[in-house]
S.K.: 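Just dropping this structure here.
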Amino acid sequence: MKIINKYILGFGATFLLLFVIVLESYGQNVMIGITAKNEGMVKLGDEIMVEITIHNASSRYGSVLPFRLKPQFNVDVKNLKFGDNGHQLPTGWSIVGNEEGDLRLSNGTDSIPPNASRSIRLKIKAVKTSTGNKVLANLFFANGRPPGNLPGPSLEGDLSADNSSFIIINVK
């Protein structure tokens, strides 16, 4: 039994080491996540602040260059809308598009070092009593040229599975 446990432990450790090596050698990965205050509950007519975190998970492939990230946020315009002001963006970031229900940003002149994150806070206003309203956060890539609103290729080695996130907002 002890020999079997040693083999299982050895295989487990080897698998974990290989997983870390593959992940590290894969390339530059940037991920996005979103959370809301008050567990996503907001009163009709009030605003709720949502926080988005964009993280450069790469430890060896350098900074994310300026004008390369183009996050986009979507709300159901029947029930929610982006606030007219009060958004908090990191230094160098800007809004490059704001159409009904869609808000697009650029990392602008900001360069995100390896293992560093940026926090974005967006205000969303509740316009109709409703439940189950999704707020979508998607990470797209720009071409690296100002103002950062034109599409570009993803970063080499980026894992697309962590380029989307959502929360649910309930309006009472």
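Throughout, numbering of the chain's residues begins at 1 and tracks the sequence. The figures here come from the full heavy-atom set of this structure, side chains too, leaving out hydrogens, waters and symmetry mates.
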S.K.: Check the pair Leu69 / Ile112 against side chain to side chain contact (heavy atoms under 4.5 Å, CB included), numbers first and verdict last.
M.R.: CA-CA 10 Å; Leu69 300 182; Ile112 306 172; 3.7 Å; yes
S.K.: For the residue pair Met31 and Ala57, what are the closest heavy atoms and their distance?
M.R.: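 Answer, listing the atom of Met31 first, then Ala57: CE-CB, 3.6 Å.
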S.K.: Do Pro71 and Ile32 have side chains that get closer than 4.5 Å, going by heavy atoms?
M.R.: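 Yes. Closest side-chain heavy atoms under 4.5 Å.
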S.K.: Are Val135 and Leu89 grouped together when hydrophobic residues (ILVMFWY) are joined by side-chain heavy atoms under 4.5 angstrom apart?
M.R.: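 As far as the 4.5 Å side-chain criterion goes, Leu89 and Val135 are connected within one cluster.
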S.K.: Given side chains that start at C-beta, do those of Trp93 and Thr91 come closer than 4.5 Å, heavy atoms only?
M.R.: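 Counting from C-beta outward, Trp93 and Thr91 never come under 4.5 Å.
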S.K.: Is the shortest heavy-atom distance from the side chain of Thr131 to the side chain of Ile168 under 4.5 Å?
M.R.: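 No. Closest side-chain heavy atoms not under 4.5 Å.
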S.K.: What are the two closest heavy atoms between Pro147 and Val96, and how far apart are they?
M.R.: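 Closest heavy-atom pair between Pro147 and Val96: O-CG1, 3.5 Å.
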S.K.: Going by heavy atoms in the side chains, are Arg68 and Phe141 under 4.5 Å from each other?
M.R.: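 A side-chain contact under 4.5 Å exists here.
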S.K.: So, taking the atom named CG in Asn143 and the one named CZ in Arg145, what distance separates them when rounded to the nearest 0.5 Å?
M.R.: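 Reported value, rounded in 0.5 Å steps: 5.5 Å.
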S.K.: Do Gln72 side-chain atoms and Phe140 backbone N/O form a donor-acceptor pair below 3.5 Å?
M.R.: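 No, the answer is negative, given that no donor and acceptor are paired below the 3.5 Å cut-off.
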S.K.: For residues Ser58 and Gly62, report the shortest heavy-atom separation together with the two atoms involved.
M.R.: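 Taking Ser58 first and Gly62 second, the nearest heavy atoms are OG-N, 4.4 Å.
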S.K.: Applying the side-chain contact (heavy atoms from CB on, under 4.5 Å) criterion to Leu139, which one of Ile52, Val30, Asp158 satisfies it?
M.R.: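 Checked Ile52, Val30, Asp158 against Leu139; only one passes side-chain contact (heavy atoms from CB on, under 4.5 Å): Val30.
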S.K.: Applying side-chain hydrogen bond (donor to acceptor under 3.5 Å, both in side chains), name anything that partners Thr129, two or more places apart in sequence or on another chain.
M.R.: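 So Thr129 forms no side-chain hydrogen bond (donor to acceptor under 3.5 Å, both in side chains) with any residue.
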S.K.: For residues 91-118, which residue pairs qualify under salt bridge (Lys or Arg N to Asp or Glu O under 4.0 Å), counting only residues two or more places apart or in two chains?
M.R.: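 Listed by first then second residue: Glu99-Arg104, Asp110-Arg118.
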S.K.: With heavy-atom distances below 4.5 Å as the criterion, would you say the side chains of Phe73 and Asn138 are in contact?
M.R.: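 No - every pair of side-chain heavy atoms lies 4.5 Å or more apart.
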S.K.: For residues Ser106 and Gly148, report the shortest heavy-atom separation together with the two atoms involved.
M.R.: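 Nearest heavy atoms, Ser106 then Gly148: OG-CA, 3.7 Å.
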S.K.: Rounded to the nearest 0.5 Å, what separation is found between the OG atom of Ser63 and the CG atom of Asn56?
M.R.: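 One finds 7.0 Å between OG of Ser63 and CG of Asn56.
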S.K.: Going by distance alone, is a donor N or O of one side chain under 3.5 Å from an acceptor N or O of the other, for Asn133 and Ser130?
M.R.: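 Side chains of Asn133 and Ser130: pair found under 3.5 Å.
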S.K.: Test of understanding: with salt bridge (Lys or Arg N to Asp or Glu O under 4.0 Å), list the residues that count as partners of Arg121, not counting sequence neighbours.
M.R.: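 Salt bridge (Lys or Arg N to Asp or Glu O under 4.0 Å) list for Arg121, sorted by chain: Glu51.
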S.K.: If hydrophobic clusters are built by linking Ile, Leu, Val, Met, Phe, Trp and Tyr wherever their side-chain heavy atoms come under 4.5 Å apart, do Ile54 and Leu159 end up in the same one?
M.R.: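 They do not share one cluster, since no chain of ILVMFWY contacts under 4.5 Å joins Ile54 to Leu159.
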S.K.: Is Val64 reachable from Phe67 through a run of I, L, V, M, F, W or Y residues, each pair having side-chain heavy atoms under 4.5 Å apart?
M.R.: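 Not linked; separate clusters.
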S.K.: Could you check whether any side-chain heavy atom of Phe82 comes within less than 4.5 Å of a side-chain heavy atom of Leu122, counting everything from C-beta outward?
M.R.: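 Of all side-chain heavy-atom pairs linking Leu122 with Phe82, at least one is under 4.5 Å.
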S.K.: Do Pro151 and Lys70 come close enough that some side-chain heavy atom pair is under 4.5 Å?
M.R.: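 The answer is yes, as the side chains (C-beta and beyond) meet within the 4.5 Å cut-off.
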S.K.: In chain order, what residues pass the side-chain hydrogen bond (donor to acceptor under 3.5 Å, both in side chains) check against Asn29, with sequence neighbours excluded?
M.R.: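 So Asn29 forms a side-chain hydrogen bond (donor to acceptor under 3.5 Å, both in side chains) with Asp162.
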S.K.: Show every donor-acceptor pair shorter than 3.5 Å between a side-chain atom in residues 40-50 and any protein atom, with sequence neighbours excluded, or say none if there are none.
M.R.:
none

S.K.: May I ask you to test the Leu80-Val127 pair for a side-chain heavy-atom distance under 4.5 Å?
M.R.: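 Answer no - side chains too far apart.
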S.K.: Tell me the salt bridge (Lys or Arg N to Asp or Glu O under 4.0 Å) pairs involving residues 77-92, sequence neighbours left out?
M.R.: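 Qualifying pairs: none.
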S.K.: What are the two closest non-hydrogen atoms of Ala126 and Val171, and how far apart are they?
M.R.: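 Smallest heavy-atom distance, with atoms named: CB-CG1, 3.5 Å.
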S.K.: Testing the basics here: between Ser119 and Pro90, what is the closest heavy-atom pair and its distance to 0.1 Å?
M.R.: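 Looking at all heavy atoms of both residues, the shortest contact is O-CG, 3.4 Å.
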S.K.: What's the separation between atom CG in Leu65 and atom OG in Ser111, rounded to the nearest 0.5 Å?
M.R.: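 The CG atom of Leu65 sits 6.0 Å away from the OG atom of Ser111.
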